[in-house]
Amino acid sequence: IDGTVLEHAGRRYFVWSGRTAAHDGDQHLYVAAMANPWTLAGDRVLLSSPEQAWERAGRSGVNEGPQVLRNRAGRVFLVYSAGGCWTDDYALGMLALRDGGDPLVRADWTKSDRPVFRKAANRGAYGPGHNGFFRSPDGAEDWLVYHANAYPGQGCGDARSVRMQSFRWRDDGTPDFDVPASVGTPLAVPSGDAPGP
């Protein structure tokens, strides 16, 4: 599930969440090269498994929803959702591809040892995850889109709301998503966007 395409060094790669076998209760991240925009070329490669405690919140381990993120220098990251969406501790993890690395080589990816974006109960953000990214119309800002619940115990249902906020880059080139914005906090529109009516 949750397939996405990574374009890197003139090649396409398909990244998705799947299981090692039908009886496996965990979800893992896989990558495969693509022969063209609709055909895989070669076997899948296991990139990430839910090995850390925060990736196993709930009944089973979850790595899902991978999204490609590049910094301004072109460094590649995969930001993914971890832990059960049915828990308040659903969160975002991250894989970073080393400079010059091969997306098909697991050892060329470094995994965060803790969530890069997690719940903030005092801000009404439980289980933030399943994210995406966009750049502001003028290209000056980077934005994170995600969903979260406003109250504990709401799980994966219709109570989740779509949220967004801008983020910064650290001096080492990694993203700093900070903490979820408080519910009801007015945010400036993305830079270069016309204000609403």
Side-chain angles (χ1 to χ4, degrees), residues 1-21 24 26-57 60-83 90-118 128-136 139-146 164-179:
I1 63 170
D2 301 336
T4 193
V5 175
L6 163 63
E7 295 188 27
H8 181 66
R11 297 190 65 190
R12 288 187 187 94
Y13 303 87
F14 192 64
V15 185
W16 74 97
S17 176
R19 303 184 191 281
T20 58
D24 182 7
D26 291 345
Q27 290 174 245
H28 311 263
L29 297 183
Y30 292 94
V31 63
M34 300 180 76
N36 56 49
W38 57 87
T39 308
L40 298 184
D43 296 330
R44 68 180 186 173
V45 174
L46 178 65
L47 281 187
S48 177
S49 292
E51 302 152 332
Q52 302 180 55
W54 58 273
E55 297 175 294
R56 304 194 65 80
S60 59
V62 175
N63 281 185
E64 66 182 5
Q67 290 292 309
V68 177
L69 176 64
R70 282 187 176 80
N71 69 11
R72 301 304 170 115
R75 187 176 177 196
V76 176
F77 304 92
L78 281 175
V79 179
Y80 63 95
S81 300
Y90 197 50
L92 298 181
M94 188 173 74
L95 299 172
L97 183 64
R98 73 170 178 82
D99 290 339
D102 182 343
L104 295 175
V105 176
R106 185 176 182 177
D108 284 353
W109 295 90
T110 301
K111 186 176 188 175
S112 58
D113 59 0
R114 61 182 57 90
V116 294
F117 195 66
R118 64 189 339 162
H130 229 101
N131 68 289
F133 300 104
F134 72 93
R135 202 161 270 170
S136 61
E141 298 172 346
D142 291 284
W143 286 73
L144 167 69
V145 180
Y146 60 99
M164 67 183 211
Q165 61 194 72
S166 62
F167 67 92
R168 295 180 294 279
W169 296 94
R170 298 184 182 93
D171 291 341
D172 67 359
T174 60
D176 179 3
F177 301 125
D178 199 16
V179 296

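Keep in mind that this is a model prediction, so the values were computed, not measured.
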Could you check whether Gln67 and Tyr146, counting side-chain N and O atoms only, form a donor-acceptor pair closer than 3.5 Å? no
Quick one: list whatever passes ring pair (Phe, Tyr, Trp, His ring centres under 6.0 Å) with [X], sequence neighbours left out.
X	answer
Trp54	none
Phe177	Phe133, Phe167
Phe134	Trp143

To the nearest 0.5 Å, what is the distance between CZ (Arg118) and CG (Leu92)? 11.0 Å
Out of curiosity, Phe14 CZ to Leu6 CG, how far, rounded to the nearest 0.5 Å? 11.5 Å
For residues [X] and [Y], report the shortest heavy-atom separation together with the two atoms involved.
X	Y	answer
Met164	Val145	CB-CG2, 4.1 Å
Leu97	His8	CD2-NE2, 3.7 Å
Ser48	Leu95	CB-CD1, 4.0 Å
Arg106	Leu46	CD-O, 3.2 Å
Pro115	Ala91	CB-CB, 3.8 Å
Asp2	Gly65	OD2-N, 3.0 Å

Is a side-chain donor or acceptor of [X] paired with a backbone partner of [Y] at a separation under 3.5 angstrom?
X	Y	value
Lys111	Leu47	no
Ser112	Met94	yes
Ser17	Asn63	yes
Gln165	Val179	yes

Counting only pairs under 3.5 Å, give me each side-chain donor-acceptor contact of residues 75-83, with atom names and distances, residues two or more places apart or in other chains.
unit_1	atom_1	unit_2	atom_2	d
Tyr80	OH	Glu55	OE2	2.9
Ser81	OG	His130	N	2.7

For Asn36, is the CG atom crowded, meaning more than 12 foreign heavy atoms sit under 6.0 Å from it? yes
Counting only heavy atoms not in Arg170, do more than 12 sit closer than 6.0 Å to its CZ atom? yes
So Tyr30 and Asp43, side-chain contact (heavy atoms from CB on, under 4.5 Å) or not? Walk me through it. CA-CA 10 Å; Tyr30 292 94; Asp43 296 330; over 6 Å; no
Using side-chain heavy atoms (C-beta onward) and a distance below 4.5 Å, is Asn71 in contact with Pro175? no
Which donor-acceptor pairs under 3.5 Å do the side chains of residues 98-105 make with protein atoms, sequence neighbours left out?
unit_1	atom_1	unit_2	atom_2	d
Arg98	NE	Asp108	OD1	2.9
Asp102	OD1	Leu104	N	2.9

What pairs with Arg135 under salt bridge (Lys or Arg N to Asp or Glu O under 4.0 Å), at least two apart in sequence or on another chain? Asp142
